[in-house]
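Nothing here was measured: the structure is a model prediction, and the numbers come from that model. Counting begins at 1 with the first residue of the sequence. For ligands, and for the atoms within them, numbers begin at 1 and follow the listed sequence. Side chains included, hydrogens not; waters and symmetry mates left out as well; all remaining heavy atoms used.
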Amino acid sequence: MKSPLHVAVTGAAGQIGYSLLFRIASGSMFGTEQPVVLHLIEIEPALKALNGVVMELEDCAFPLLRGVKATSSLEEGFGGVNWALLVGSVPRKQGMERKDLLSINGKIFTEQGRALARHAAADVRILVVGNPCNTNCLIAKNNAPEIPDNRWFAMTMLDQNRAVAQLARKANVRVDEIRKMAIWGNHSSTMYPDFSNAEIQGKPVTAVISDHAWLENTFIPIVQKRGAAILEARGLSSAASAANAVVDTVRALTTPTASDNYFSVATSSDGSYGIEKGLIFSYPTKSDGATWEIIRGLPVNEFSQARILLTENELKEEKALIRDLIPH
Ligand code: NAX
């Protein structure tokens, strides 16, 4: 048996946490040969609820779960962790401007970035889920210059999975017959689900789905607004599907990507496809199991270019709003 991986989850008593922790502890995330120790981080008022979750984890008697820490201390919570899944954040309330949300969460991610740099293991990798996830990731990363750029990620896998499901349903094929369905840009309503490079049973999507108006005018908005549709139907935001996407993202980053596929994750832009360097931007990405890279040289047609620019501009605006939280 390998030695245990230490995995921190913030917001562990929240909705996503309630689905996610059990998937990690059961082996879905790191495989059935990899023991884990969970470091669960919450704010003080949620520690009682978190204790209940810890009791339930215990009651599952997961063979791979070698320990659980529950704490509100970042020093204790991030101490020696190999992965940090930053799920906790403050939700947008009625009357709150985007600027307010960015600044409230910005402070949380400033602190978490600093604490990760000080206390995490040397190989730590960080996936930000709490919204606005791209910009929260940007803030944390810039407050932890000791941690290399290529260890920071923000989640757009849920958007990819939603896009795959919609294409499969429209074309009446299985979801695993959809390939190369990448999300570009921000995890927000400006994201661009790029059907132009995606494939169905090895053929271009546009060759299989002849209804191009559906692709441009129905498919894209369905994916962009799926979170809102779930909130409207359930009265609560997506949680199990979000937790599933966290598992998928970590697996995608830690296992080799099939040669006929890629996946979506937001990472620190190196300027690829003309995107401003340093923005946390979702790109089509591949992994060899240890390291990852942005897929280069994909054709970007005029339609895609306009969509990519729109989502990049939104990320630049968000960055301008939190300028003060980024040390110079
Ligand atoms: P919940 O409100 O159920 O849970 C959030 C938890 O975070 C709460 O228990 C809260 O006490 C905790 N928390 C708040 N501030 C904290 C801090 N400073 N340190 C540690 N914990 C803290 O939200 P949930 O439904 O679990 O969603 C969590 C986040 O994921 C939200 O920001 C949400 O917007 C975001 N999402 C991101 C998605 C993505 O694809 N990137 C999709 C799903 C989800 O909407």
**Prompt:** Taking any residue with a non-hydrogen atom under 4.0 angstrom from an atom of ligand 1, which ones do you get?
**Reply:** G11, A13, G14, Q15, I16, I41, E42, I43, A46, V87, G88, S89, I108, Q112, V129, G130, N131, C133, M155, L158, H187, S237, S238, A242
**Prompt:** When the ring planes of W214 and F219 are compared, do they come out parallel, tilted or perpendicular, using 30° and 60° as the limits?
**Reply:** tilted
**Request:** Would you mind checking if K277 and D149 are paired as a salt bridge, meaning a charged N to carboxylate O distance below 4.0 Å?
**Result:** no
**Side chains of Q160 and F263 in contact at under 4.5 Å (non-hydrogen atoms)** = yes
**Residues in salt bridge (charged side-chain N to carboxylate O under 4.0 Å, His left out) contact with D194, at least two apart in sequence or another chain** = none
**Message:** If I compare all heavy atoms of Q34 with all of K2, which pair ends up nearest, and what's the gap?
**Reply:** OE1-CD, 3.1 Å
**Asked** Do I24 and V9 come close enough that some side-chain heavy atom pair is under 4.5 Å?
**Response** yes
